[in-house]
Engineer: 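One structure is given below, represented as structure tokens, and several questions about it will come after.
By convention here, the first residue in the shown sequence is residue 1. Only this structure's heavy atoms are used, side chains among them; waters, hydrogens and symmetry mates stay out. Predicted model, so just to flag it, every value in this text is computed and none were measured.
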Amino acid sequence: VAMLGALRAGLVIVNTNPLYTPREMAHQFRDSGAKAIVIVANFAHHLQSVLAETAIETVIVTEVGDLLGFPKGPVINLAAKYLKKMVPAFHLPQAVSFMDALKQGAAQPFRPLDLTGEDLAFLQYTGGTTGVSKGAMLTHRNIIANQMQIASWMQALLVEGQEIIVTPLPLYHIFSLTVNCLAFMYYGAHNVLITNPKDMPAFIKELKKHRFTVLTGVNTLFNGLLHQADFASVDFKPVKVTVGGAMAVQRAVSEKWKAVTGNTLIEGYGLTEASPVVACNPITGGERIGTIGMPLPSTDVMIVNEEGVEVPLGEEGELCVRGPQVMRGYWERPEETAKVLKDGWLFTGDMAVMEPDGYLRIVDRKKDMILVSGFNVYPNEVEDVIAQHPKVLEVAVIGLPDENSGEVVKAFIVKKDASLTEDEIKAHCRENLTGYKRPKVIEFRTELPKTNVGKVLRRALRE
């Protein structure tokens with residue numbers, strides 16, 4: 001409601017993760033120069049602690065029951081505050097309640113603004129998996145173009161007004177925002193929002209309530225669902241497509257998903273800087289596990305070497321993208337913008353290969369590549385192999401400095417079976433990986449650090 005209202009008013013939206021710490025909030029609000037905020041009361045105490053460091057003048061506070069009508073809404077708000085103690089005390093004397101803001105707005109005439117496609121719609125902050133979070137300037141044209149590209153890619157299977165899409169990723173994330181919210185709104189779909197997908201039993205219970213036709217998510221989410229005993233009883237007969245994005249879909253997960261659900265897990269690829277979708281596997285057959293499919297309509301891709309020269313088909317290099325969905329640049333960061341936008345091309349920082357028939361395969365993030373005795377080792381490949389071991393639940397791989405070989409491979413593993421040993425992992429890797437790619441160091445952990453949408457943070461492991 002707040003987002004669509006802000007877009008109609010011609011404002012620029014800065015999507016924020018409500019679970020941000022005060023430090024993260026302060027960075028984003030200062031960097032963007034945001035003037036107004038709509039915040040859930042549960043997190044207002046964090047805002048109170050950083051408000052003076054920002055340019056925010058207007059504060060609108062909403063509560064979880066606000067739009068549920070009388071008497072349900074007020075009852076839920078009171079329960080959240082006093083029974084469940086979900087709303088820590090805060091003091092924001094200038095704050096206006098969301099319901100009051102709606103009343104004030106209803107009394108005003110609406111005057112449409114004269115916007116163009118080049119006007120900013122979003123300052124969408126990057127996930128920060130490879131460094132400091134930056135605001136990607138996404139215009140109205142960028143967002144509408146990507147929405148239409150996605151809609152055309154899906155049109156062979158989707159029927160207007162008949163689709164039900166399950167949305168376990170939060171709508172402030174660029175994947176959910178453009179794909180689930182906007183592209184599926186274009187199709188008149190019914191969106192089922194999953195507030196806490198980490199509560200797998202509750203998530204599965206919700207899935208059973210709906211004859212859903214589309215499900216989106218990330219590899220860690222699909223993997224988690226597959227390890228729930230009750231998941232096999234979810235009815236996947238009406239499901240037309242399951243889409244995995246935001247991180248690589250591991251082969252072991254993809255194959256098990258097909259075996260359990262009978263549904264193909266389609267992998268796509270995007271990044272915040274491209275609004276986000278760049279490429280996707282076909283949804284009507286012809287999909288290929290281990291690839292990100294082909295570029296969307298009106299999207300050019302190019303694979304280049306270190307000198308920026310295009311490489312022959314089948315050779316790996318950095319993936320570059322050109323199309324109407326590519327951002328204008330990073331907000332107030334001309335130097336950072338110049339590093340990634342060159343002659344109209346977006347340099348993604350992802351290493352890829354284009355196969356002779358046009359399918360693209362992501363090899364890994366350029367910054368995550370491990371150099372062992374001059375040989376390139378891509379963490380995705382090693383993770384993919386280790387994830388196929390039946391006793392492994394999750395895995396992440398990084399490089400460690402080594403005086404003999406420059407770097408060695410280290411694997412962080414979360415066990416699915418407590419009996420798993422280091423020797424078993426090493427034997428499995430000996431069978432499936434050449435010597436320099438095998439992890440020399442193995443560390444077992446109870447969990448892996450992740451971003452708010454479940455993307456494993458290799459940077460945090462390196463630190």
Side-chain angles (χ1 to χ4, degrees), residues 3-4 7 115-118 121-122 124 136 138-167 169 171 173-191 212-217 238-246 249 263-289 291-302 319-328 344-346 348 352 354-355 357-362:
M3 179 186 80
L4 295 173
L7 285 172
L115 292 172
T116 74
E118 297 313 307
F122 293 90
Q124 186 73 18
L138 302 180
T139 64
H140 286 271
R141 179 174 186 256
N142 291 153
I143 296 291
I144 291 168
N146 206 226
Q147 183 182 324
M148 300 310 294
Q149 288 168 315
I150 295 157
S152 66
W153 197 260
M154 299 274 186
Q155 69 186 7
L157 287 186
L158 302 187
V159 181
E160 195 172 312
Q162 290 183 22
E163 306 304 332
I164 298 176
I165 182 167
V166 177
T167 300
L169 298 184
L171 291 179
H173 187 269
I174 190 68
F175 177 7
S176 262
L177 173 72
T178 308
V179 178
N180 296 53
C181 180
L182 298 174
F184 276 84
M185 191 181 288
Y186 171 81
Y187 268 106
H190 177 86
N191 233 305
F212 62 97
T213 58
V214 183
L215 169 66
T216 63
V239 177
K240 297 177 179 180
V241 62
T242 307
V243 181
V249 174
N263 193 257
T264 304
L265 183 45
I266 299 291
E267 186 171 359
Y269 164 83
L271 63 167
T272 305
E273 292 85 346
S275 304
V277 189
V278 167
C280 192
N281 268 278
I283 64 166
T284 52
E287 74 287 333
R288 196 176 298 165
I289 291 177
T291 77
I292 55 166
M294 292 172 277
L296 293 192
S298 306
T299 304
D300 296 329
V301 298
M302 172 172 73
L319 176 63
C320 303
V321 180
R322 185 171 65 185
Q325 70 272 52
V326 170
M327 68 168 183
R328 193 200 285 176
W345 289 92
L346 169 66
T348 66
M354 182 178 272
E355 294 176 356
D357 56 3
Y359 279 75
L360 288 160
R361 189 162 44 81
I362 294 293

Engineer: For residues Phe212 and His190, determine if any side-chain heavy atom of one lies less than 4.5 Å from a side-chain heavy atom of the other.
Structural biologist: no

Engineer: Heavy atoms only: give me the nearest Asn142-Pro324 pair and the separation to one decimal.
Structural biologist: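 Residues Asn142 and Pro324, closest heavy atoms: ND2-O, 2.9 Å.
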
Engineer: Determine, step by step, whether Ile143 and Leu182 satisfy the side chain to side chain contact (heavy atoms under 4.5 Å, CB included) criterion, reporting the C-alpha distance in whole Å, the side-chain angles of both residues, the deciding distance to 0.1 Å, and the verdict.
Structural biologist: CA-CA 9 Å; Ile143 296 291; Leu182 298 174; 3.5 Å; yes

Engineer: Measuring only between side-chain heavy atoms, which start at C-beta, is Leu319 closer than 4.5 Å to Tyr269?
Structural biologist: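 Yes - at least one pair of side-chain heavy atoms lies under 4.5 Å apart.
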
Engineer: Starting at CE of Met3, measure out to SG of Cys181 and round the result to the nearest 0.5 Å.
Structural biologist: 4.0 Å

Engineer: So does Ser275 get a backbone contact from the side chain of Thr178, meaning a donor-acceptor N/O pair under 3.5 Å?
Structural biologist: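 Side chain of Thr178 to backbone of Ser275, a donor-acceptor pair under 3.5 Å: yes, one is there.
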
Engineer: Could you tell me the separation between the OG1 atom of Thr167 and the CZ atom of Phe184, rounded to the nearest 0.5 Å?
Structural biologist: 8.5 Å

Engineer: For the side chain of Asn191 and the backbone of Ile164, is there at least one donor-acceptor N/O pair under 3.5 Å apart?
Structural biologist: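 Checking the backbone N and O of Ile164 against the side chain of Asn191, no donor-acceptor pair under 3.5 Å is found.
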
Engineer: Indicate yes or no: at least one non-hydrogen side-chain atom of Gln149 is less than 4.5 angstrom from one of Thr299.
Structural biologist: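 Counting from C-beta outward, Gln149 and Thr299 do come under 4.5 Å.
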
Engineer: Can you find a heavy atom in the side chain of Val243 that is under 4.5 Å from one in the side chain of Phe175?
Structural biologist: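 Side-chain contact under 4.5 Å: yes.
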
Engineer: Run Val214 and Leu158 through side chain to side chain contact (heavy atoms under 4.5 Å, CB included) and show every step you take.
Structural biologist: CA-CA 9 Å; Val214 183; Leu158 302 187; 4.2 Å; yes

Engineer: Are there more than 12 heavy atoms of other residues, nucleotides or ligands under 6.0 Å from atom OH of Tyr186?
Structural biologist: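 At most 12 heavy atoms, drawn from other residues, nucleotides or ligands, come within 6.0 Å of this atom.
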
Engineer: Checking Gln325 side chain against Val277 main chain: does a donor-acceptor pair fall under 3.5 Å?
Structural biologist: yes

Engineer: Judged by atom type as modelled, is there a donor-acceptor pair below 3.5 Å linking the side chain of Asn281 to the main-chain atoms of Thr291?
Structural biologist: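 Looks like yes, one N/O pair under 3.5 Å.
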
Engineer: Donor-acceptor pair, distance only, cut-off 3.5 Å: does the side chain of Glu163 make one with the backbone of Val159?
Structural biologist: yes

Engineer: Within a strict 4.5 Å, meaning less than it, do heavy atoms of the Leu271 and Leu346 side chains meet?
Structural biologist: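 In contact.
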
Engineer: Do Val326 and Trp345 come close enough that some side-chain heavy atom pair is under 4.5 Å?
Structural biologist: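 No; the side chains remain at least 4.5 Å from each other.
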
Engineer: Using modelled atom types and a 3.5 Å cut-off, is there a donor and acceptor pairing between side-chain atoms of Glu267 and backbone atoms of Ile292?
Structural biologist: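 Answer holds: no.
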
Engineer: State, to 0.1 Å, how close Val241 and Ile283 come at their nearest heavy-atom pair, and which atoms those are.
Structural biologist: CG2-CG2, 4.0 Å

Engineer: To the nearest 0.5 Å, what is the distance between OG1 (Thr272) and CG (Leu138)?
Structural biologist: 8.0 Å

Engineer: Can you give me the closest heavy-atom contact between Ile266 and Pro282, atom names plus distance?
Structural biologist: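 What the structure gives for the nearest pair is CD1-O, 3.4 Å.
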
Engineer: Looking at every non-hydrogen atom in both residues, tell me the closest pair between Cys280 and Leu296 and how far apart they are.
Structural biologist: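 Taking every non-hydrogen atom into account, CB-CD2, 4.2 Å.
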
Engineer: Rounded to the nearest 0.5 Å, what separates atom NE2 in His140 from atom CD in Gln147?
Structural biologist: 12.0 Å

Engineer: Would you say the side chain of Tyr359 lies within less than 4.5 Å of the side chain of Met294, judging by non-hydrogen atoms?
Structural biologist: yes

Engineer: Output the distance between atom NZ (Lys240) and atom CG (Leu157), rounded to the nearest 0.5 Å.
Structural biologist: 6.5 Å

Engineer: Rounded to the nearest 0.5 Å, what separates atom CZ in Arg288 from atom CZ in Arg361?
Structural biologist: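 Atom-to-atom, Arg288:CZ and Arg361:CZ are 10.0 Å apart.
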
Engineer: Heavy-atom distance under 4.5 Å between the side chains of Gln124 and Pro276, does that happen here?
Structural biologist: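 Result no, sub-4.5 Å side-chain heavy-atom pair not found.
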
Engineer: Kindly say whether Glu118 contributes a backbone atom to a donor-acceptor pair with the side chain of Arg328 at under 3.5 angstrom?
Structural biologist: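 At least one qualifying donor-acceptor pair exists.
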
Engineer: Are more than 12 heavy atoms from other residues, nucleotides or ligands located less than 6.0 Å from atom CZ of Arg141?
Structural biologist: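 Incorrect, the count does not exceed 12.
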
